[in-house]
2 protein chains.
Amino acid sequence: MEYVGTALAEMTMPQISPLAGEPIERADAERLAGVLKALADPARLRLLSLIQSAPEGEACVCDLTAPLGLSQPTVSHHLRILTEAGLLEREKRGVWAYYRLVPTAIATIADLLTPPRKRAGKKAR
Amino acid sequence: MEYVGTALAEMTMPQISPLAGEPIERADAERLAGVLKALADPARLRLLSLIQSAPEGEACVCDLTAPLGLSQPTVSHHLRILTEAGLLEREKRGVWAYYRLVPTAIATIADLLTPPRKRAGKKAR
DNA sequence: CGCCGATATGCAGGCGAGTCAATGCTGCTG
DNA sequence: CAGCAGCATTGACTCGCCTGCATATCGGCG
């Protein structure tokens with residue numbers, strides 16, 4: 001399979017109703033739930049954390065299996081889910097596959113959750 | 001079973017390592033994943049949205065089954081999960097059970113996800 | 001005090017998710 | 001070019017979760 005299009009990208013542009021104001025639609029709820037589901041796993045949260053705190057902000061699979069205590073296929077599986085959710089990006093250099101965080105992806109999710117009340121400090125969205 | 005103690009409450013006080021900086025511990029990852037798992041469901045997202053946008057910011061089960069298109073036991077089940085996750089609070093008045101959002105619960109989750117970089121605008125927590 | 005309405009709980013079926021072992025694929029390296 | 005190392009994919013197993021039906025519980029009303 002080749003990459004079905006980063007659920008986050010679909011929701012970051014067309015403003016998905018954040019968890020505030022009007023009741024959200026079914027489709028919006030399902031898309032937001034989809035991205036949250038990608039986050040809602042201990043192994044994947046640790047993967048994001050590990051990658052982000054890695055030397056260059058990037059890491060390859062072989063660096064991640066040990067700290068997680070999971071098999072290489074399993075780690076690869078989780079990385080795939082995070083990538084398809086739009087949270088990670090993959091770059092293959094030689095034999096290694098380097099993963100890094102998509103810059104504003106997680107912040108976008110946080111913004112979708114946070115009610116608009118009192119958010120004067122930030123750029124007006 | 002009677003209410004095992006609002007996973008969010010356990011993580012909001014003792015500063016759970018947010019998804020930034022140091023690699024997060026297994027226990028932290030599991031607790032954060034637990035709360036996110038409560039959020040990562042279309043029906044529950046819609047419940048939160050419906051309750052929040054209800055007249056007094058509160059709603060009883062009988063008002064929620066119809067818009068969701070789910071049976072009453074199922075709605076009750078989801079409300080229970082959200083309550084145990086620390087996202088909702090329940091108040092029983094007469095025959096009805098009114099649910100409302102725990103004020104800063106969702107914002108707390110958003111803060112745990114957002115990296116600390118460039119968060120000058122907000123109060124220094 | 002007995003019935004009815006609003007919720008909560010138990011139980012069961014079905015589907016999706018996490019994990020690993022085995023295997024295939026690709027690009028280095030000797 | 002033959003062998004090896006790093007990753008991805010497949011298949012199978014298990015477990016947890018969403019949902020509905022049936023039932024128990026609790027409060028109000030006639």
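In what follows, every chain begins at residue 1, and chains take the letters A, B, ... in the order their sequences are listed. The model shown is predicted, which means the values in this text are computed figures rather than measured ones.
The side chain of A:S76 places no N or O atom within less than 4.0 Å of a non-bridging phosphate oxygen (OP1 or OP2) of D:dC7. Remark: B:H77 is not in phosphate contact with D:dG20, judged by side-chain N or O atoms under 4.0 Å from OP1 or OP2. Distances shorter than 4.0 Å separate some side-chain N or O of A:R90 from OP1 or OP2 on D:dA8. Contact check, B:Y99 against C:dA8: a side-chain N or O comes under 4.0 Å of OP1 or OP2.
A salt bridge (charged side-chain N to carboxylate O under 4.0 Å, His left out) check over residues 99-110 of chain A, counting only residues at least two apart or in different chains, returns the pairs A:E58-A:R100. Pairs passing the salt bridge (charged side-chain N to carboxylate O under 4.0 Å, His left out) check and including a residue from residues 64-79 of chain A, sequence neighbours excluded, do not occur. Within the structure, the side-chain hydrogen bond (donor to acceptor under 3.5 Å, both in side chains) test picks out the following pairs touching residues 35-48 of chain B (sequence neighbours left out): B:R44-B:H78.
You'll find that the side chain of A:V95 is closest to C:dG27, out of D:dG28, C:dG27, C:dT9.
Summarising the geometry, the separation between CH2 on A:W96 and C1' on C:dT26 is reported as 13 Å, rounded to the nearest angstrom. Taking atom NZ on A:K37 and atom P on D:dG16, their separation rounds to 17 Å, with Å as the unit. The nearest whole Å value for the distance from the CG atom in B:L79 to the P atom in C:dT7 is 10 Å. Rounded to an integer number of Å, the gap from CD1 of B:I81 to C1' of D:dC17 is 8 Å. Going from atom CD of B:E91 over to atom C1' of C:dA6 covers 16 Å, rounded to whole Å. In this structure, A:R80 atom CZ and D:dT10 atom P are separated by 8 Å, rounded to whole Å. In this structure, the CZ atom of A:R93 is 17 Å from the C1' atom of C:dT26, given to the nearest Å. The CD-C1' distance, from B:E30 to D:dG16, rounds to 15 Å in whole Å.
Listed by residue number, A:D41, A:R44 are the residues of residues 39-49 of chain A with a heavy-atom contact under 4.0 Å to DNA chain C. Using a 4.0 Å cut-off on heavy atoms, the residues of residues 66-73 of chain A that approach DNA chain D are A:Q72, A:P73, listed by number.
Under the side-chain contact (heavy atoms from CB on, under 4.5 Å) criterion, A:P42 pairs with B:A29, B:E30, B:A33, sequence neighbours left out. Among residues two or more places apart in sequence or in another chain, the salt bridge (charged side-chain N to carboxylate O under 4.0 Å, His left out) test is passed with A:R90 by none. B:A59 is linked by a side-chain contact (heavy atoms from CB on, under 4.5 Å) to B:I51, B:A54, B:L64, counting only residues two or more places apart in sequence or in another chain. In terms of the salt bridge (charged side-chain N to carboxylate O under 4.0 Å, His left out) criterion, B:E89 has no residue partners (sequence neighbours excluded).
Criterion: ILVMFWY side-chain heavy atoms under 4.5 Å apart, direct or through other members. Under it, B:V61 and B:V102 are not part of a common hydrophobic cluster.
Residues A:T114 and B:A110 share a closest heavy-atom pair of OG1-CB, 3.2 Å.
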